[in-house]
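What you are looking at is a predicted structure, and each value in this text was computed from that prediction instead of being measured. Counting begins at 1 with the first residue of the sequence.
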Amino acid sequence: MKKLLVLMMALAMTLSLAACGGEADTDAPSTQQQGADTDEQAKADADFAKLQGFFDRIIENYEDQQAIGTLLEEVKSGQKEESNLLDAYKQLAEDANEMLQDVQSTAWETNIYDDKAEVLTACIEALAQYQQTVYEAAEENDVTKLETAAELATDYDEKLTAVLDAMGIE
């Protein structure tokens, strides 16, 4: 899991560098062309900011998952009630489902990041399914759903790897 966090941080840095990249044009473009280029760059920057926002939310979800480990230990030691743990699982599921709705309804300004948005959407979809199943397994105390959640976690990891690959992060 630490590797995941490191990869996500590297992804964030890569996105930051990609947004600033580009080659200098040695020909002097017309004023009208400069305006069009500036508008297109502004749209690309807006799309980049949207992608960055979703990556930040994935990292936040990961950090919240890590906090559940601490909460689980507190429940085992009697410091916290099981209901606190169930509430935490429910919140993770709600956050992941909200993130999925947001990414699916995002209006991208350009097609520059289409491939990255596609794999990102698939990743968030897998995350939402995983988080929802974990919550349901905990709520219903259902071992079968817990086993399904383990399979969904593997699917999510694969989709996250696809996102990192699309961003060129090894």
Side-chain angles (χ1 to χ4, degrees), residues 1-18 47-108 111-170:
M1 284 300 199
K2 289 181 183 179
K3 181 179 177 185
L4 171 66
L5 186 58
V6 169
L7 291 173
M8 292 305 292
M9 293 298 184
L11 175 64
M13 290 188 297
T14 300
L15 282 174
S16 297
L17 292 174
D47 283 351
F48 172 80
K50 292 172 190 175
L51 279 173
Q52 184 65 49
F54 286 114
F55 289 121
D56 290 346
R57 289 171 72 181
I58 289 171
I59 292 170
E60 184 179 320
N61 183 280
Y62 170 79
E63 291 169 347
D64 291 345
Q65 287 179 52
Q66 298 306 302
I68 284 183
T70 302
L71 182 57
L72 182 59
E73 291 303 316
E74 291 173 341
V75 168
K76 286 180 182 179
S77 70
Q79 296 172 323
K80 299 275 183 168
E81 298 292 320
E82 278 189 42
S83 62
N84 296 111
L85 188 59
L86 187 59
D87 289 344
Y89 284 131
K90 181 178 181 181
Q91 188 62 52
L92 276 174
E94 288 173 352
D95 291 348
N97 282 311
E98 182 181 322
M99 190 182 342
L100 177 60
Q101 290 174 353
D102 291 347
V103 76
Q104 289 173 334
S105 66
T106 296
W108 301 99
N111 62 357
I112 293 172
Y113 298 113
D114 280 356
D115 58 334
K116 291 158 185 58
E118 184 178 325
V119 293
L120 176 67
T121 300
C123 178
I124 293 172
E125 202 169 70
L127 174 63
Q129 288 175 332
Y130 164 66
Q131 295 291 4
Q132 185 65 38
T133 304
V134 167
Y135 166 63
E136 290 171 4
E139 181 181 48
E140 300 165 14
N141 201 19
D142 186 335
V143 175
T144 303
K145 282 191 178 180
L146 193 56
E147 291 168 354
T148 301
E151 293 170 9
L152 291 171
T154 300
D155 184 48
Y156 168 61
D157 285 344
E158 290 170 1
K159 298 265 181 6
L160 184 59
T161 299
V163 169
L164 299 173
D165 288 347
M167 298 307 299
I169 299 173
E170 295 181 15

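- One side chain, Asp56 or Gln52, offers a donor N or O that lies under 3.5 Å from an acceptor on the other.
- Distance CG/Leu160 to CG/Leu120: 9.5 Å, rounded to 0.5 Å.
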Yes or no on side-chain contact (heavy atoms from CB on, under 4.5 Å) for Val163 and Phe55, after CA distance, side-chain angles and deciding distance? CA-CA 10 Å; Val163 169; Phe55 289 121; 3.3 Å; yes
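- With values rounded to the nearest 0.5 angstrom, Lys76 atom NZ is found 10.0 Å from Leu85 atom CG.
- Two residues are said to be in side-chain contact when any heavy atoms from C-beta on lie closer than 4.5 Å; Asp47 and Ile112 fail this criterion.
- Other residues, nucleotides and ligands place more than 12 heavy atoms under 6.0 Å from the CD atom of Glu140.
- Looking at heavy atoms from C-beta onward, Leu71 lies in side-chain contact with Lys80 at the 4.5 angstrom threshold.
- Counting heavy-atom neighbours within 6.0 Å of Asp114 CG, excluding the residue itself, gives a total above 12.
- One finds the CG atom of Leu92 at 4.0 Å from the CD1 atom of Ile68 (value rounded to the nearest 0.5 Å).
- Partner of Tyr135 under the side-chain hydrogen bond (donor to acceptor under 3.5 Å, both in side chains) criterion, chosen from Glu139, Gln131, Gln132: Glu139.
- The distance from atom CG of Leu146 to atom OG1 of Thr133, rounded to the nearest 0.5 Å, is 10.0 Å.
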Begin with the C-alpha distance, continue with both residues' side-chain angles, and end with the deciding distance and a verdict on side-chain contact (heavy atoms from CB on, under 4.5 Å) for Thr106 and Phe54. CA-CA 11 Å; Thr106 296; Phe54 286 114; 3.4 Å; yes
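- Residues Ala128 and Leu100 share a closest heavy-atom pair of CB-CD2, 4.0 Å.
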What's the verdict on side-chain contact (heavy atoms from CB on, under 4.5 Å) for Leu127 and Tyr62, showing C-alpha distance, side-chain angles and the deciding distance? CA-CA 10 Å; Leu127 174 63; Tyr62 170 79; over 6 Å; no
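- A donor-acceptor pair is defined here as one N or O able to donate and one able to accept, closer than 3.5 Å; such a pair exists between the side chain of Lys50 and the backbone of Ala107.
- Val119 and Ala166 get closest at one heavy-atom pair: CG2-CB, 3.7 Å.
- Using a 3.5 Å distance cut-off with no hydrogens or angles, the side chains of Asn61 and Gln65 do pair a donor with an acceptor.
- At a threshold of 4.5 Å between non-hydrogen side-chain atoms, the residues Lys159 and Asp155 count as touching.
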List the steps, then state whether side-chain contact (heavy atoms from CB on, under 4.5 Å) holds for Gln104 with Glu125. CA-CA 9 Å; Gln104 289 173 334; Glu125 202 169 70; 3.5 Å; yes
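- Side chains of Arg57 and Asp102 form a contact here, defined as non-hydrogen atoms less than 4.5 Å apart.
- Remark: Met99 CE to Cys123 SG distance equals 8.5 Å, nearest 0.5 Å.
- Within the model, atoms CD of Glu81 and CG of Leu86 stand 12.5 Å from one another, a figure rounded to the nearest 0.5 Å.
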Please determine whether side-chain hydrogen bond (donor to acceptor under 3.5 Å, both in side chains) holds for the pair Asn97 and Gln101, giving the CA-CA distance in whole Å, both sets of side-chain angles, and the decisive distance to 0.1 Å. CA-CA 6 Å; Asn97 282 311; Gln101 290 174 353; over 6 Å; no
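- Note on ring orientation: taking the six-membered ring where Trp is involved, the planes of Tyr156 and Tyr130 are parallel (angle under 30°, cut-offs 30° and 60°).
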